[in-house]
**Q** 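Below you will find the structure I want to go over with you.
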Amino acid sequence: VQLQASGGGLVQPGGSLRLSCAASGFTLDNYAIGWFRQAPGKERDGVSCISSSDGSTYYADSVKGRFTISRDNAKNTVYLQMNSLKPEDTAVYYCASRNDDTDEFLAPCSSWYYDDWGQGTLVTVSS
């Protein structure tokens with residue numbers, strides 16, 4: 001089981017980036033995927049999560065209306081489209097998976113509920 005996050009970089013405030021989380025060694029069909037971020041000196045927070053079955057989503061209040069999570073199971077990839085980026089969005093972004101076969105609802109978008117993690121990708125929002 002391996003997750004590969006990519007797409008980070010340096011962007012000016014107001015700009016956009018699209019992060020990708022590609023899975024290898026397994027298919028994402030039965031896995032919820034979450035995006036989390038960790039800024040220096042801060043805890044890792046849930047940004048957005050998406051279920052495997054009905055596409056239920058969660059967004060942290062700080063990113064609602066600016067970020068969009070989506071999944072393409074045919075490509076075994078989950079995306080995080082980030083628009084109107086702010087300096088406070090600067091962080092290392094991680095994706096993680098959770099087998100949600102037996103979940104009735106989308107699990108809380110917290111790192112405690114996700115099992116397998118990819119390496120992070122750095123997003124820096126600065127002028």
Side-chain angles (χ1 to χ4, degrees):
V1 173
Q2 188 171 6
L3 295 170
Q4 178 81 30
S6 62
L10 173 63
V11 63
Q12 292 187 340
S16 298
L17 283 175
R18 188 177 78 158
L19 304 184
S20 299
C21 177
S24 59
F26 72 109
T27 60
L28 288 179
D29 292 15
N30 298 314
Y31 288 82
I33 299 295
W35 283 99
F36 302 83
R37 67 186 181 186
Q38 188 166 21
K42 295 190 176 181
E43 293 185 352
R44 188 173 298 187
D45 293 326
V47 175
S48 182
C49 293
I50 186 168
S51 70
S52 68
S53 54
D54 62 2
S56 297
T57 57
Y58 162 88
Y59 294 95
D61 286 343
S62 58
V63 306
K64 279 181 183 175
R66 300 189 297 122
F67 290 11
T68 303
I69 192 170
S70 63
R71 61 191 302 149
D72 185 339
N73 286 352
K75 294 184 178 180
N76 226 23
T77 301
V78 172
Y79 303 98
L80 185 69
Q81 178 66 43
M82 305 187 297
N83 298 329
S84 302
L85 282 161
K86 304 175 181 180
E88 51 263 43
D89 295 318
T90 295
V92 177
Y93 284 71
Y94 301 88
C95 62
S97 65
R98 169 187 171 85
N99 188 304
D100 64 352
D101 256 354
T102 59
D103 292 349
E104 188 174 358
F105 304 105
L106 178 64
C109 196
S110 165
S111 57
W112 292 103
Y113 292 86
Y114 284 76
D115 306 306
D116 294 297
W117 293 77
Q119 92 297 345
T121 186
L122 177 63
V123 172
T124 303
V125 185
S126 175
S127 55

**Q** For D100 and S52, indicate whether the former's side chain and the latter's backbone hold a donor-acceptor pair under 3.5 Å.
**A**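 Yes, D100 side chain to S52 backbone: donor-acceptor pair under 3.5 Å.
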**Q** Treating T77 as the side-chain partner and K75 as the backbone partner, does any N or O pair qualify as donor plus acceptor under 3.5 Å?
**A**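 Yes.
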**Q** Under a 3.5 Å distance rule, please check whether S51 uses its side chain to pair with a backbone N or O of S56 as donor and acceptor.
**A**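 Judged by distance alone, yes, a pair lies under 3.5 Å.
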**Q** For W35 and S20, which heavy atoms make the closest approach, and how far apart are they?
**A**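 Closest approach of W35 to S20, heavy atoms only: CH2-O, 3.5 Å.
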**Q** Check whether more than 12 heavy atoms from other residues, nucleotides or ligands sit under 6.0 Å from atom CZ of F26, and answer yes or no.
**A**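 It does: F26 CZ has more than 12 such atoms within range.
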**Q** Distance-only, no hydrogens or angles: does the S48 side chain make a donor-acceptor pair with backbone N or O of Y58 under 3.5 Å?
**A**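 Looks like yes, one N/O pair under 3.5 Å.
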**Q** Ignoring hydrogens and angles, tell me if any N or O in the side chain of Y59 forms a donor-acceptor pair with the backbone of I69 under 3.5 Å.
**A**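 A pair under 3.5 Å: yes.
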**Q** For S126 and P13, which heavy atoms make the closest approach, and how far apart are they?
**A**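 Here S126 and P13 meet closest at C-CD, 3.6 Å.
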**Q** Quick check: closest heavy atoms across L3 and A23, and the distance to 0.1 Å?
**A**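 Reported closest heavy-atom pair: CD2-CB, 3.8 Å.
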**Q** Measuring from Q4:CD to T121:OG1, what's the distance to the nearest 0.5 Å?
**A**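 With rounding to 0.5 Å, CD (Q4) is 9.0 Å from OG1 (T121).
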**Q** Check for a donor-acceptor pair, side chain of T90 on one end and backbone N or O of V125 on the other, with a separation under 3.5 Å.
**A**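 Checking the backbone N and O of V125 against the side chain of T90, a donor-acceptor pair under 3.5 Å is found.
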**Q** Counting N and O atoms only, with roles assigned by atom type, does the side chain of Q119 sit under 3.5 Å from a partner on the main chain of A5, one being a donor and the other an acceptor?
**A**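 Judged by distance alone, yes, a pair lies under 3.5 Å.
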**Q** Hey, does R37 have a side-chain heavy atom less than 4.5 Å from the side chain of V63?
**A**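 When only atoms from C-beta onward are counted, R37 and V63 do touch, with a gap below 4.5 Å.
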**Q** Got more than 12 heavy atoms from elsewhere within 6.0 Å of CD, E88?
**A**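 Yes, enclosed.
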**Q** Membership question, hydrophobic clusters at under 4.5 Å side-chain separation (ILVMFWY): are I33 and V47 in the same one?
**A**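 Same hydrophobic cluster.
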**Q** Going from CE on M82 to CZ on R18, what distance comes out if it is rounded to the nearest 0.5 angstrom?
**A**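 So the CE of M82 and the CZ of R18 are separated by 11.5 Å.
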**Q** Find the distance between CG (L10) and CG (L17) and round it off to the nearest 0.5 Å.
**A**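 Result: 9.0 Å between the selected atoms.
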**Q** Within the structure provided, determine whether D89 and R66 are in side-chain contact (heavy-atom separation under 4.5 Å).
**A**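 Touching, per the 4.5 Å side-chain cut-off.
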**Q** Taking the six-membered ring for Trp, are F36 and W117 ring centroids under 6.0 Å apart?
**A**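 So the answer is yes for these two rings.
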**Q** State plainly whether the residues D61 and K64 are in salt-bridge range, i.e. N to O under 4.0 Å.
**A**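 So D61 pairs with K64 through a salt bridge.
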**Q** Measuring from N76:CG to R71:CZ, what's the distance to the nearest 0.5 Å?
**A**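 Separation between the atoms: 9.0 Å.
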**Q** Starting at CG of D54, measure out to CZ of F105 and round the result to the nearest 0.5 Å.
**A**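 It is 10.0 Å, given to the nearest 0.5 Å.
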**Q** At what distance, to the nearest 0.5 angstrom, does CG of D115 lie from OH of Y31?
**A**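 One finds 8.5 Å between CG of D115 and OH of Y31.
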**Q** Consider only side-chain N and O atoms of Y114 and R98, and report whether a donor and an acceptor are under 3.5 Å apart.
**A**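 Checked: Y114/R98 side chains show no N/O donor-acceptor pair below 3.5 Å.
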